[in-house]
Amino acid sequence: MKKQIISGVQPSGILTLGNYLGALRNWVKIQDEEEYECKFFVADLHSITVSQNPENLRNNIKSIVMQYIASGIDPEKNTIFIQSHVHEHSELAWLLNNYTYIGELNRMTQFKDKSKKQENVKVGLFDYPVLMAADILLYDADYVPVGEDQRQHLEITRDIAQRFNSTYNKEIFKIPEALITKSTARIMSLQDPTKKMSKSDENKDGFISLLDPREVIEKKVKRAVTDSENVIKYSDEKPGIKNLINIYSAVTDKNIEEIEKEFEGVGYGKFKQAVAGAIADTLEPIQAKYNELALPENNEYIENICRKGAEVAQKIAKEKLKEVQEAIGFITK
Ligand code: ATP
Ligand code: LTN
């Protein structure tokens, strides 16, 4: 039996370099390992926990699927689907709500951060981690490859699963584990290196998008907030430079010492040019593939992938949901 992997990204915009290095790139690595079976979905149900324009949302959902494939996710090897196409996600989330405490949801830092930005805080935003637990538990996932910001959501998923299992004294749910790659777990904003890089940041200079052209990448990196020391040194006291070194290391596969040596005696200007160039080189092939997938004649190809993916996912999800309903005491059809 292969180890089961599941992960997703919200279609709240174009993926950032943070999403790519923290999540997508690890998915691509995992898909090549024989012992894993992977499912990657577009978390559209999650994205409406903050307001979305319908036209943009529609475009973003398809665009995320294309960005997955352009980043190297092979649709032949993996199941790719759109979350709302498998209604069992919403249904299990409702059931799990009854095994989740308000107190534990209140502790979620993502909720605390995002609710500050909503005038009337939505129930959906509060309930987000329960839907995420449903996404994971439906598929008996062993591992969930995500960035550091999702660790807390994985912990609550484990708690909910354990609570459910012990309520019915039966191993209905597998207890999943987060899979987080330390060096790229938290890529920081270029404008505020104490904050994570995020695709919904209203300051566009804070993030590099997967589809940014080379000139834009150069401009954003040049503007990146650093200190005034002008020395390329990896240190917690220099969060801006530390972040750029982390990014450079991730896109070139060089280690920190090598990088410090490479830029010894060189100022921030030269270093930033090198970082921007290395990022652009990494993103170039992804952008070329994306542009090809975005051609109208490939629309059907993308739709077929999603349709087939939803079928595969739903077969599994349906069975798990039934098991849950029976454990609770519902009469199933
Ligand atoms: P939003 O701004 O809409 O909240 P986001 O950019 O934070 O979105 P998500 O869709 O929430 O992105 O995250 C998708 C995946 O990317 C998750 O696995 C998440 O942990 C990871 N991720 C997001 N931002 C970063 C980051 N700055 N560094 C590393 N990983 C990240
Ligand atoms: N909350 C995640 C997206 C997400 C997810 C999931 C990730 C929704 N459901 C299940 C892994 C497994 C985020 O990145 N914000």
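Ligands are counted one by one from 1 in listed order, and the atoms in each one are counted from 1 as well.
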Ligand 1 to Thr184 polar contact by distance, N or O atoms, under 3.5 Å: no
Counting heavy atoms under 4.0 Å, the part of Ser198 that contacts ligand 1 is both
List the steps and the verdict of side chain to side chain contact (heavy atoms under 4.5 Å, CB included) for Phe41 and Thr79. CA-CA 8 Å; Phe41 65 96; Thr79 301; over 6 Å; no
Nitrogen or oxygen atoms of Asp135 and ligand 2 under 3.5 Å apart: yes
Any N or O on Asp201 sitting closer than 3.5 Å to an N or O of ligand 1? no
One residue to check: Phe41. Relative to ligand 2, which of side chain, backbone, both or neither has a non-hydrogen atom less than 4.0 Å away? side chain
Distance-only N or O hit between ligand 2 and Gln150, under 3.5 Å: yes
Are any of the N/O atoms in Lys196 less than 3.5 Å from those in ligand 1? yes
Among protein heavy atoms, which lies nearest atom 1 (N) of ligand 2, and at what distance? Tyr128 OH, 2.6 Å
Quick look: Lys114 vs ligand 1, heavy-atom contacts under 4.0 Å, and the answer is side chain
For Gly147, the ligand 1 atoms with a heavy-atom partner under 4.0 Å come out as 18 (O), 19 (C), 20 (O), 21 (C), 30 (N)
Students should be able to answer this: which protein heavy-atom is nearest to atom 28 (N) of ligand 1, and at what distance? Ile187 N, 2.8 Å
Heavy-atom side-chain proximity of Asn56 to Gln52 below 4.5 angstrom: no
Applying a heavy-atom cut-off of 4.0 Å, say which part of Ala185 lies close to ligand 1: side chain, backbone, both or neither. backbone
Close-contact set for ligand 2 against Gln10 heavy atoms, below 4.0 Å: 15 (N)
With a 4.0 Å cut-off on heavy atoms, does Val9 reach ligand 2? no
Can an N or O of Lys199 be found at a distance shorter than 3.5 Å from an N or O of ligand 1? yes
Closest protein heavy atom (residue, atom, distance) for atom 1 (P) of ligand 1: Ser200 OG, 3.4 Å
Considering only heavy atoms, does Ala23 approach ligand 1 within less than 4.0 Å through its side chain, its backbone, both, or neither? side chain
Give a yes-or-no answer on whether the side chains of Gln10 and Tyr128 include a donor-acceptor pair shorter than 3.5 Å. yes
Residue, atom name and distance, where the atom is the protein heavy atom closest to atom 3 (O) of ligand 1: Ser12 OG, 2.6 Å
The answer for which part of Ile136 has a heavy atom under 4.0 Å from ligand 2 is side chain
According to the interplanar angle, ranging from 0 to 90°, do the rings of Trp27 and Phe40 count as parallel (below 30°), tilted (30 to 60°) or perpendicular (above 60°)? parallel
Check ion pair Asp149-Arg186 (N to O, under 4.0 angstrom): no
Do Phe263 and Ile245 make a side-chain contact, defined as non-hydrogen atoms from C-beta onward lying under 4.5 Å apart? no
Let me confirm one number: the NE2-NE2 distance from His89 to His46, rounded to the nearest 0.5 Å. 10.0 Å
Using the side chain to side chain donor-acceptor pair (under 3.5 Å) criterion, which residues pair with Thr16? Sequence neighbours excluded. Asn19
Between Ile187 and Ile247, does the side chain to side chain contact (heavy atoms under 4.5 Å, CB included) criterion hold? Intermediate values first, please. CA-CA 7 Å; Ile187 301 296; Ile247 292 174; 3.9 Å; yes
Assess Arg163 against Tyr101: is NZ or CZ under 6.0 Å from the centre of the six-membered ring, and within 45 degrees of the ring's axis? yes
Approximate separation, where rounding is to 0.5 Å, of Met66 CE and Asn299 CG: 8.0 Å
Atom pair CD1 (Ile232) and CD (Glu262), whose distance is rounded to the nearest 0.5 Å: 10.0 Å
Can you list the ligand 2 atoms lying under 4.0 Å from a non-hydrogen atom of Ser7? 7 (C), 11 (C), 12 (C)
Below 4.0 angstrom from a heavy atom of Gly22, which ligand 1 atoms are there? Numbered from 1 as shown, please. 29 (C), 30 (N)
Give the residue, atom name and distance (to 0.1 Å) of the protein heavy atom nearest atom 3 (C) of ligand 2. Gly8 O, 3.6 Å
Gln67 side chain to Ser71 side chain, donor-acceptor N/O pair below 3.5 angstrom: no
Checking the N or O distance criterion of under 3.5 Å, is ligand 1 in contact with Met197? yes
Asp149 and ligand 2 - part of the residue with a heavy-atom distance under 4.0 Å: neither
Heavy-atom contacts under 4.0 Å between Gln10 and ligand 1: side chain, backbone, both, or neither? both
Which other residues belong to the hydrophobic cluster containing Val225, where Ile, Leu, Val, Met, Phe, Trp and Tyr are joined when side-chain heavy atoms lie under 4.5 Å apart, directly or via other members? none
Side chain, backbone, both or neither: which applies to Asp149 and ligand 1 if a contact is any heavy-atom pair less than 4.0 Å apart? side chain
Any donor-acceptor pair under 3.5 Å linking the side-chain atoms of Gln83 with those of Asp135? yes
Do the rings of Phe173 and Phe164 sit parallel, tilted or perpendicular, given the 30° and 60° boundaries? tilted
Quick check with a 6.0 Å cut-off and a 45 degree axis cone: is Lys2 positioned over the face of Tyr36's six-membered ring? no
Within-cut-off N or O pair, Gly18 and ligand 1, under 3.5 Å: yes
Counting from 1, what ligand 2 atoms have a heavy atom of Val144 closer than 4.0 Å? 11 (C), 12 (C)
Nearest neighbour of atom 23 (C) of ligand 1 from the list Val146, Asn19, Leu24, on a heavy-atom basis: Asn19
